[in-house]
Amino acid sequence: MSSTPTATATQKEGRSEYGVALLLLVLGGWAIVDGLSLTDTASRGPVSAKTMPIVVGVLLVAMAVLLVIDLARGGRGEAEGGEDVDLSHGSDWRTIGLLVGAFVANALLIERVGWPISGAILFFGTTFALGARHYVRMALISILLSVGSWYLFFLGLDIKLPVGLLKGIL
Amino acid sequence: MDGINALIDGFGTALTPVNLLYAVIGVVLGTAIGVLPGIGPAMTIALLLPLTLRLEATQAFIMFAGIYYGGMYGGSTTSILLNTPGESASVITAIEGNKMAKRGRGAAALATAAIGSFIAGTIGTLGLALLAPEIVKLAIKLGAPDKFAIMLLAFIAVTTVLGSSKIRGLASLGIGLLIGTIGIDRSAGGQQRLTLGIPQLADGIDVVVVAVGLFAVGEALWVAAHLRRGHAEVVKVDGARMGREDWRRSWKPWLRGTAIGFPFGAIPAGGAEIPTFLSYALERKLSKHPEEFGHGAIEGVAGPEATNNASAAGGLVPLLTLGIPTTATAAVMLGAFQSYGIDPGPRLLSDHADLVWALIASLFIGNTILLALNLPLATVWAKLLNIPRPYLYSGILFFASIGAYATNTSAFDLWLLLIIGILGFFMRRYGLPVVPAIIGIILGPVAEYQLRQALQISDGQLSGLVNTPFSVTVYVIAVILVVAPVVIDRIRSSRAGDGDGDGTHHVPHLTPQSANQEGQ
């Protein structure tokens, strides 16, 4: 909370923090509306099925309001540090976008083409997003990991990940 | 001493060849994953949880024990050899340990951390074995109002003690409680709550998905957005060993650290952060070489590392006797217990005595394996720190995806994982601590159940919540927790003008920064 308001980027990020308050408000509102819509006939006592959603909703809405007040007074959430984290530059949205893309591709493909392929796409895509450019090495590791993990889960843990297109080969 | 007898039985279970193998696998995997930069103990357990999916409960518990201490130790290696810590409890280790490593004393720093962790872990686990049956004797008498009071205390403690901003802590708790409410309300009428009509949400969100999403995916996305350009500097070491002088300077801090850490871990207001600070301050005060502190004093590694591990052992006391997790790691473990249909609480020790004592015995065994492995393998672990970052964080996302999918073999869980991961990303970005959220998710439904019970017994009278001396005491403690920091702040700021600088002022500025991190 001891930020020095020098760069305009800082102020911009400060404004985007109102989005957090908005999210809390929306979540709180959702919980309250959902809670009120329940009709509880089965439970005895004052704590019905409605109570928890409404209490949580009120808590979230209250925190949304308090957060807005805190932000208006100049309060700021502290971004988390870490071993590989460099907070001196802003969030890299391109990387995030590519990562989410690879992740979505896996979620869409896993049951169509199977984990050995979709997992390889996931790993290749994420390493690319994170800046690796040794394409051959990336491809080899991706295939090794996805096929290896498929066998590990199948043979070692008796969990069948989707085999998809490679059915009969693996 | 029924504890000792039960413990011997526990060793009988844990020492069969197969179970011993699971303990070794747990320790090795826990350490290997825990050493990786950016992976704290909570993420380690979350990522490894799917491996235990098809195991019997006993074997899964034995593996958890190994992973628990392995992940903890891995984190301290990272702090010593890389500059910044991955978890709040290792902040202090990072300060002195990394300075030692840079002065060419890395081997001694790793050794004092490993041996200190072993001693503290062993004494702490012994404390757990002796204390748990006694606490259960009291806890079994607790009624619903008492249990609800303890849970409320846990919520308040985790939001007010740990965070730098109470509003953000409470907001995070609220998000956790909200996620915990999703699904069919089993105790009242079986209605679907907050499911948006999606059938897959009726059973609630699986703990693996939540834990992996918040800790693994959220963290990986967050780091990816801010990936340090250029290489983080890893200090080279050639092993882990210490000389006679190091032993002489380490053994007292180990024991003092254990004495500080265990009780702090055992009270449901814990976290290892405050006791490690205390241990550090104490060692500096008692040291004959106070001038070395801040430049790599071995006492500054030995004390806090022992504290950290003793507090981890202490944290298992409320987890196994009351079903209250005090840290993120404990919360993830509690969630794992629940997925085995085991309800942690005062009855755990009587209903599943064999399981619990096998777990405790495995903690001793895991601790010993850890020491035997880590002194010779320190250089191997150190090599893991050089893994190229793109592969590291891709690996986290890759294994997070397998874990989430394998839980229910459903692609729906992958979408949930992404949503929760994005939530975790924004929580890190805007300083909402993650620990209250995970505790809210796991403990929320239990607290609701106890509240309902308490008010049914009292026929709806709110006084039914405070009609036992125990619950009143707990509420008083909760109020003190809320009020005391405010009062202390006032006093401190009114004194700030004096500027006497008594030495303790060097440390406190670290607290808010570390408070937003993962907890242990």
Side-chain angles (χ1 to χ4, degrees), chain A residues 17 20 24 27 30-31 34 38 40-49 52-53 56 59-60 63 66-67 70 75 77-87 89 91-92 95-96 99-100 103-104 106-107 110-111 119 122-123 126-127 129-132 141 145 149 153 157-161, chain B residues 37-38 51 53-54 78 82 84 86 164-165 167-168 170-171 174-175 177-178 181 185 188-191 193-194 221-229 232 388-391 393-394 397-398 401-402 405-406 409 411 414-415 418 426 428-432 448 451-452 455-456 460 512-513 516-517:
Chain A
E17 209 171 333
V20 179
L24 294 174
L27 289 176
W30 172 42
D34 190 90
L38 296 168
D40 183 356
T41 48
S43 72
R44 208 163 50 84
V47 181
S48 70
M52 187 73 175
V56 173
L59 172 70
L60 284 168
M63 287 311 121
L66 287 177
L67 187 61
D70 181 58
E78 260 177 276
E80 187 185 276
E83 278 140 4
D84 291 331
V85 172
D86 175 7
L87 290 173
H89 58 90
S91 293
D92 177 356
T95 305
I96 295 291
L99 284 180
V100 172
F103 204 93
V104 166
N106 176 47
I110 186 165
E111 279 169 358
L122 171 67
F123 192 85
T126 47
T127 44
L130 289 163
I141 295 178
L145 267 180
S149 59
F153 273 74
L157 303 169
D158 197 28
I159 295 172
K160 282 185 185 142
L161 297 171
Chain B
L51 293 181
L53 273 178
R54 296 292 163 95
T78 322
L82 268 175
T84 30
S164 55
S165 156
I167 297 172
R168 289 170 182 82
L170 281 169
I175 292 173
L177 291 172
L178 183 86
T181 310
D185 174 24
Q191 300 210 37
R193 298 191 295 189
L194 300 167
L221 291 178
W222 170 241
V223 175
H226 294 271
L227 200 57
R228 200 181 289 280
R229 314 248 156 99
R389 295 305 182 259
Y391 295 93
Y393 289 101
S394 294
L397 288 171
F398 181 88
S401 302
I402 300 192
Y405 184 87
T409 51
L414 289 176
W415 297 107
L418 181 62
F426 280 108
R428 285 173 173 81
R429 179 176 153 104
Y430 292 113
L432 300 184
E448 182 192 12
L451 177 66
R452 184 173 290 148
L455 289 177
Q456 279 174 4
Q513 167 240 323
N516 275 334
Q517 293 180 11

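- Of the listed residues (A/L27, A/V20, A/D34, A/T95), the one with the most heavy-atom contacts under 4.5 Å to chain B is A/D34.
- The backbone N or O of A/A49 lies less than 3.5 Å from a partner atom in the side chain of B/R193, making a donor-acceptor pair.
- At a 4.5 Å heavy-atom cutoff, the contact between A/L122 and chain B is made by side-chain atoms alone.
- Contacts of A/F123 with chain B are made by both backbone and side-chain atoms, with heavy-atom separations under 4.5 Å.
- Using a 4.5 Å cut-off between heavy atoms, B/F426 contacts chain A through its side chain alone, with no backbone atom that close.
- A/I141 touches chain B through its side chain: at least one heavy atom from C-beta onward sits under 4.5 Å away, while N, CA, C and O do not.
- Heavy atoms of A/L24 lying under 4.5 Å from chain B belong exclusively to its side chain.
- Between chain A and the options B/V223, B/L178, B/I175, the largest number of non-hydrogen pairs under 4.5 Å is found for B/L178.
- Heavy atoms of A/L66 lying under 4.5 Å from chain B belong to its backbone as well as its side chain.
- Shown here are the side-chain hydrogen bond (donor to acceptor under 3.5 Å, both in side chains) partners of B/S394, two or more places apart in sequence or in another chain: A/T126.
- Residues A/M52 and B/D185 have side chains not in contact (no heavy-atom distance under 4.5 Å, counting atoms from C-beta outward).
- When heavy atoms are compared at a cutoff of 4.5 Å, B/T409 approaches chain A by way of both its backbone and its side chain.
- Rounding to the nearest 0.5 Å gives a distance of 8.5 Å between OG of A/S48 and CD of B/Q191.
- Of all non-hydrogen atoms in A/L161 and B/Y405, the two that sit nearest each other are CD2-CD2, 3.7 Å.
- Counting heavy-atom pairs under 4.5 Å between each of A/V56, A/D158, A/L59, A/L99 and chain B puts A/V56 at the top.
- The distance from atom CG of B/L51 to atom CD1 of A/I159, rounded to the nearest 0.5 Å, is 8.5 Å.
- Both the backbone and the side chain of A/L87 come within contact range of chain B, each with at least one heavy atom under 4.5 Å from a heavy atom of that chain.
- The CZ atom of B/R168 lies 11.5 Å from the CE atom of A/M63; values are rounded to the nearest 0.5 Å.
- Closest heavy-atom contact between A/A132 and B/P390: CB-CB, 3.9 Å.
- Interface remark: B/F398 contributes backbone and side-chain atoms alike to the contact with chain A (heavy atom separation under 4.5 Å).
- Annotation for B/A224 and A/L130: closest pair CB-CD2, 3.4 Å, computed over non-hydrogen atoms.
- Counting heavy-atom pairs closer than 4.5 Å to chain A, the top-ranked of the candidates B/L397, B/L170, B/I402 is B/I402.
- Separation of atoms NE2 (B/H226) and CD1 (A/I96) is listed at 7.5 Å; rounding is to 0.5 Å.
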